[in-house]
Number of protein chains: 2
Amino acid sequence: MFFSVFSPFDFFASFDQIVKIDMQFCGSSARKDKPELARSGTTKKVTRIQREKTEAILNAALDVFSKHGFRGSTIDMIATNAQLSKPNILYYFDSKETMHAQLLEHLLDTWLEPLEQISPEGDPVDEICGYVQRKLEMARDYPRESRLFANEILQGAPHIIDQLTGPLRTLTDSKALVIQRWIDDGKLAEVDPYHLIFSIWSTTQHYADFDVQVQAVLGDSANLRFEQAQAHLDMMFRAMLTRK
Amino acid sequence: MFFSVFSPFDFFASFDQIVKIDMQFCGSSARKDKPELARSGTTKKVTRIQREKTEAILNAALDVFSKHGFRGSTIDMIATNAQLSKPNILYYFDSKETMHAQLLEHLLDTWLEPLEQISPEGDPVDEICGYVQRKLEMARDYPRESRLFANEILQGAPHIIDQLTGPLRTLTDSKALVIQRWIDDGKLAEVDPYHLIFSIWSTTQHYADFDVQVQAVLGDSANLRFEQAQAHLDMMFRAMLTRK
DNA sequence: CATAATCTTTACCAACTGGTCAGAAAAATT
DNA sequence: AATTTTTCTGACCAGTTGGTAAAGATTATG
C-alpha cells in the first residue's frame, strides 16, 4: 500500500483520500463533454493511472501554487514538477482554476480539524495549549498548505470567502462559546475568545508563512526554530490564560 | 502644500519624501538612455508633473501589487488605477519590476521604524507594549504596505532577502539584546526575545494581512476589531512579560 | 489477439502582457 | 511667438501562457 506523496505523518490522510474519491474527473464533468471521461451518472471506476496521475498532479500543483501564488504559477511549471506534459495535465484537469479550486476546497477542512478537537470536557488550559501545539505542528509539517491558504486570504479569499463566512465562522463561534463558558466558570482568565483564536492562528502560521524571515533573523540557530517556538508559545498562552 | 496621497497620518511621510528625492528617474537612469530623461551626472530638476505623476503611479502600484501580488498585477491595471496610459507609466518607470522594487526598497525602513523606537531607558513592559501598539496602528493604517510585504515574504522574499539577513537581522539582534538585558536584570519575566518579537509581528500583521478572515469570523462586530485587538494584545503581552 | 477504451504527445491557436517607437500634444523657455 | 524640452498616445511587436485538436501510443477487456 502506498500513502500520500505529501504526508510524512497521517495528518493529511483525509486529503488524498478525498482527492481519490470525489475527484474522479473533477474538471471535465459538467462544462464540456470530453467523451473519454466523466459520463456523469454512471459509476465509473477509477483506474490505477488516474489515481496516481491526479495525485501526482495535485501534489505538483500544491508545490507550485504555494511557492508562486496562483497567477505566478503556470501549467507548464506544474507539468514539469509532475514530470508530465502540459496537455497531459489538462487531460486530467479542465483548467488551472480547477486544480487550484480542488486544492483549496479541502484545505479548510484540514485547517479546521485541529480546532474541532478542542473539547469542553478537558482541562481548559491544556485544551487550548494542545491546540496551539497541533497548529504549530501543521505549520512545520505542511508549510505548503499553509502558504497556499495564506496566499488565498491575502488576495481577499476570492475562492473561499463563502467557506470563511460559513463553516469557519460557525466552528469558531462554537469554540468561542466553549472558551467563554470556561471563563464564566472561572477556569480561565478573562480573554476575548475570538482574538485569542486569532492570536493562535497568527503566531503559529507565522512559522510557515514567514519562514524566510524567521530563518533570516535567527541565522544559524534557525534549525531549532520549531522547538523554540513551541516552548515560547506554550509559555505565552499559558501565562495569558492563567494570569491573576 | 499637499501631502502624500496615501498618508492619513504622517507616519509614512518618509515614504513619499524618499520617493520624491531619490526617485527622480529611477528606472531610466543607467540601463538605457532615454534621451529625455536622466542624463546622469548633471543635477536635473524635478518638475511638478514628474513629482505628481510618479507619486500617483507608485500609489496605484501599491494598490494593485498589494491586492494581486507581483505576478498577478499588470501594468495596465496600474495604469487604469492611476488614470494614465500604459506607455505613459513606462515613461516614468522603466519596467514593472522597477515600480515594485521602488516600493519594496523603502518598505523595510518604514517597517523597522517602530522597532527602532524601543528604548533601553524606558520601562521594559511599556516599551514592548508600546511597540505592539505602534505595530497594530500600522496594520490598521497601512494595510496595503503590510500586504505587499507579506506577499514578498510568502514568495520567499526574492527581492529583499538581503535586507532581511542584513538590516532587519542587525536591528532585531540589537533589540533582542536589550530585551535580554531587561530579563537578566529581573525587570521582565523570562522569554525568548526573538520569538517574542515574532509573536508581536505575527499577531499585529494578522489584522492587516488576514483582514478578510478576521472580518468573516467577527461578522457585524468586525468594525471594532482594532480596538478589541489592541486591548487583547496589550493584555496578552503584559501577562507574558510580568508573569511570576 | 483483436478491439475498444484510456492515456499521451505533437502541433497549434488566440488572448494577454511587458515593452518599444515614432510622432503628436503640451509645457517651459527664449 | 518661436522653439526647445517634456510629456503623452496609438500602433505595434515578440514572448508567454491557457487551452484545443487530432492522431499516436498504451492499456485493459472480451
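The figures here come from the full heavy-atom set of this structure, side chains too, leaving out hydrogens, waters and symmetry mates. Proteins come first, then strands; the chains are lettered A, B, ... in the order of their sequence lines, and each starts at number 1.
Annotation: of the two residues near DNA chain D, B/Arg71 and B/Lys53, the 5′-most nearest-nucleotide partner is B/Lys53. Two residues, A/Asn88 and B/Glu97, neighbour DNA chain C, and the one matched to the more 5' nucleotide by heavy-atom proximity is A/Asn88.
Put simply, the side chain of B/Arg147 never gets that close to the backbone of B/Lys67: no donor and acceptor are under 3.5 Å apart. Under the 3.5 Å distance criterion, the side-chain polar atoms of B/Lys86 are left unmatched by any main-chain donor or acceptor of B/Thr74.
One interatomic measurement links the two molecules: CD1 of B/Ile49 to C1' of C/dA25, which rounds to 12 Å at whole-angstrom precision. In this structure, CG of B/Leu90 is placed 19 Å from P of D/dC12, rounded to the nearest angstrom. Distance CD (B/Gln50) to C1' (C/dA27): 12 Å, rounded to an integer number of Å. Taking atom CD of A/Glu52 as the reference point, atom P of C/dC7 lies 11 Å away to the nearest angstrom. Atom NE2 in B/His100 sits about 13 Å away from atom P in C/dG19, given to the nearest Å. Taking atom NZ of A/Lys86 as the reference point, atom P of D/dA21 lies 15 Å away to the nearest angstrom. Atom-to-atom, CZ of B/Phe93 to P of C/dT20 comes out at 15 Å; the value is rounded to the nearest Å. Distance CD1 (A/Ile89) to P (C/dT8): 10 Å, rounded to an integer number of Å.
The listed nucleotides are C/dT9, C/dC7, D/dT7; the one nearest the side chain of A/Pro87 is C/dT9. Distances from the side chain of A/Ser85 to the nucleotides C/dG19, D/dT7, C/dT9 place C/dT9 closest. Side-chain proximity of A/Ile75 to D/dG10, D/dG18, C/dG18: nearest is D/dG18. In this structure, of D/dT6, D/dT20, C/dT8, it is D/dT6 that holds the atom nearest to the side chain of B/Tyr91.
With rounding to the nearest 0.5 Å, the separation of OG1 in A/Thr203 from CZ in B/Phe198 is 12.5 Å. Summarising the geometry, atom CD1 belonging to A/Ile161 is positioned 9.0 Å from atom CD belonging to A/Glu152; distances are rounded to the nearest 0.5 Å. Atom OH of B/Tyr207 is separated from atom CZ of B/Arg225 by 10.5 Å, given to the nearest 0.5 angstrom.
Side-chain atoms of A/Lys96 stay outside donor-acceptor range of the base of D/dG19, with no qualifying N/O pair under 3.5 Å.
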